[in-house]
Amino acid sequence: MEDKNYRERIDILGVPIDRVDMEMALEIFEELLASPGCSLIVTPNSEIITVAEKDPAFKDVILSADLVIPDGIGLVYASHLLRKPLKQRVTGIDFLERALSRLATTGQSVYFLGGKPGVAVKAATAMEAKYPGLVVAGAADGYFDPMREEEVVEMINASGAVLLCVALGAPKQEFFIARNKTRLAVNTAVGVGGSFDVFSGEVKRAPRFYREHGLEWLYRLAQQPARIKRAAALPRFMVMILLGRGKADRR
Ligand code: UDP
């Protein structure tokens with residue numbers, strides 16, 4: 001029988017990543033939805049790990065998360081190099097879609113916060129059409145005045161949503177959730193990066209070939225060349241892993 005010890009975590013540059021596959025991640029998601037308080041789900045890739053390395057406050061937020069999903073082929077490669085292989089890459093956007101499809105069957109609702117004006121509403125309409133029964137209880141863009149943050153939280157709470165998806169980009173979205181965790185009435189909050197851009201059709205996701213060969217970053221780079229600095233995080237991350245492993249081997 002499959003070992004159900006799904007809290008096993010793999011340490012990658014000081015950041016613990018849950019060794020989960022998609023089904024395990026969804027099981028934990030359902031547990032978190034049923035547990036009191038606002039739980040936090042994060043979906044780091046190698047770029048986010050390198051940001052956390054330099055920003056202890058962000059690292060602390062990831063350390064406080066209830067579920068850390070390995071979104072990124074770099075993490076899977078790194079885990080193999082570290083000889084503690086992760087089960088698989090669980091893409092944040094695929095996880096989110098599966099989570100939404102579950103909410104569609106339970107009648108629990110979700111709130112979409114983030115993206116350029118109009119994008120969250122467009123994404124909500126698209127997801128409600130794709131998953132009949134899904135209720136997006138509210139949607140708002142991510143370019144609000146920080147002075148209005150309390151108002152935004154009140155709007156989310158008034159919607160009655162159990163899940164909050166925050167698309168402000170990392171680490172802004174994780175800081176938003178951490179800062180408001182005790183005030184948020186939702187059961188679970190997750191940072192979803194550019195997912196609404198994809199759901200709304202504003203940005204195209206990489207074709208299957210790229211996704212299956214760990215080349216999604218290359219496709220995104222071709223679509224959004226301004227991401228070149230961000231794409232450079234992957235080789236830098238691999239070098240950090242190799243240097244770390246070299247040190248460990250010499251010990
Ligand atoms: N965004 C936002 N408010 C901000 C900064 C960013 O709503 O102040 C949105 C932006 O419009 C985009 C998302 O956050 O939809 C970040 O997307 P990105 O592709 O950078 O996400 P990641 O690569 O971090 O998943």
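In each ligand, atom 1 is the first atom listed, and ligand 1 is the first ligand listed. By convention here, the first residue in the shown sequence is residue 1.
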- Task: Taking atom CD of Glu212 as the centre, report whether more than 12 heavy atoms of other residues, nucleotides or ligands fall under 6.0 Å from it.
- Result: yes

- Query: Relative to ligand 1, is Gln173 under 4.0 angstrom through side chain, backbone, both or neither, heavy atoms considered?
  - Reply: neither

- In this structure, atom 13 (C) of ligand 1 is nearest to the protein heavy atom Gly193 O, 3.6 Å

- Item | Per-atom contacts, ligand 1 versus Lys116 - under 4.0 Å to a heavy atom | 11 (O)

- Item | Salt bridge Glu23-Lys87, side-chain N to carboxylate O under 4.0 Å | no

- Query: Any idea which atoms of ligand 1 are less than 4.0 Å away from a heavy-atom of Ala167?
  - Reply: 1 (N), 2 (C), 7 (O), 9 (C), 13 (C), 14 (O)

- Note on the structure: Atoms of ligand 1 under 4.0 Å from any heavy atom of Gly115, numbered from 1 in the order shown, are 2 (C), 7 (O), 9 (C), 11 (O), 15 (O)

- Message: Side chain, backbone, both or neither: which applies to Asp197 and ligand 1 if a contact is any heavy-atom pair less than 4.0 Å apart?
- Response: side chain

- At a non-hydrogen distance cut-off of under 4.0 Å, which region of Arg227 contacts ligand 1 (side chain, backbone, both, or neither)? side chain

- Message: Please list, in number order, the atoms of ligand 1 under 4.0 Å from a heavy atom of Gly114.
- Response: 7 (O)

- Residue, atom name and distance, where the atom is the protein heavy atom closest to atom 20 (O) of ligand 1: Arg230 NH1, 3.0 Å

- Query: Which atoms from ligand 1 have a heavy atom of Leu168 less than 4.0 Å away?
  - Reply: 1 (N), 2 (C), 3 (N), 5 (C), 6 (C), 7 (O), 14 (O)

- Side-chain contact test, heavy atoms from C-beta onward, threshold under 4.5 Å: evaluate it for Leu215 versus Trp217 and give yes or no. yes

- Going from CD1 on Ile177 to OG on Ser64, what distance comes out if it is rounded to the nearest 0.5 angstrom? 10.0 Å

- Nearest-contact summary for atom 18 (P) of ligand 1 - protein heavy atom, Å: Gly194 N, 3.9 Å

- Message: Does anything in residues 232-244 form a salt bridge (charged side-chain N to carboxylate O under 4.0 Å, His left out)? List the pairs, not counting sequence neighbours.
- Response: none

- Message: Tell me the contacting part of Arg220 for ligand 1: side chain, backbone, both, or neither, using a 4.0 Å heavy-atom threshold, strictly below.
- Response: side chain

- Item | Ionic contact status for Glu202 with Lys122, cut-off 4.0 Å | yes

- Item | Spacing of CD belonging to Gln224 relative to CZ belonging to Arg230, to within rounding of 0.5 Å | 8.5 Å

- Message: Check the orientation of Phe176 and Phe144. Use parallel for under 30°, tilted for 30 to 60°, and perpendicular for over 60°.
- Response: perpendicular

- Message: Which residue is it: Lys204, Arg205, Arg211, Arg227? I am looking for the one with a salt bridge (Lys or Arg N to Asp or Glu O under 4.0 Å) to Glu216.
- Response: Arg205

- Message: With respect to Val192, determine whether any N or O atom, backbone or side chain, lies less than 3.5 Å from an N or O atom of ligand 1.
- Response: no

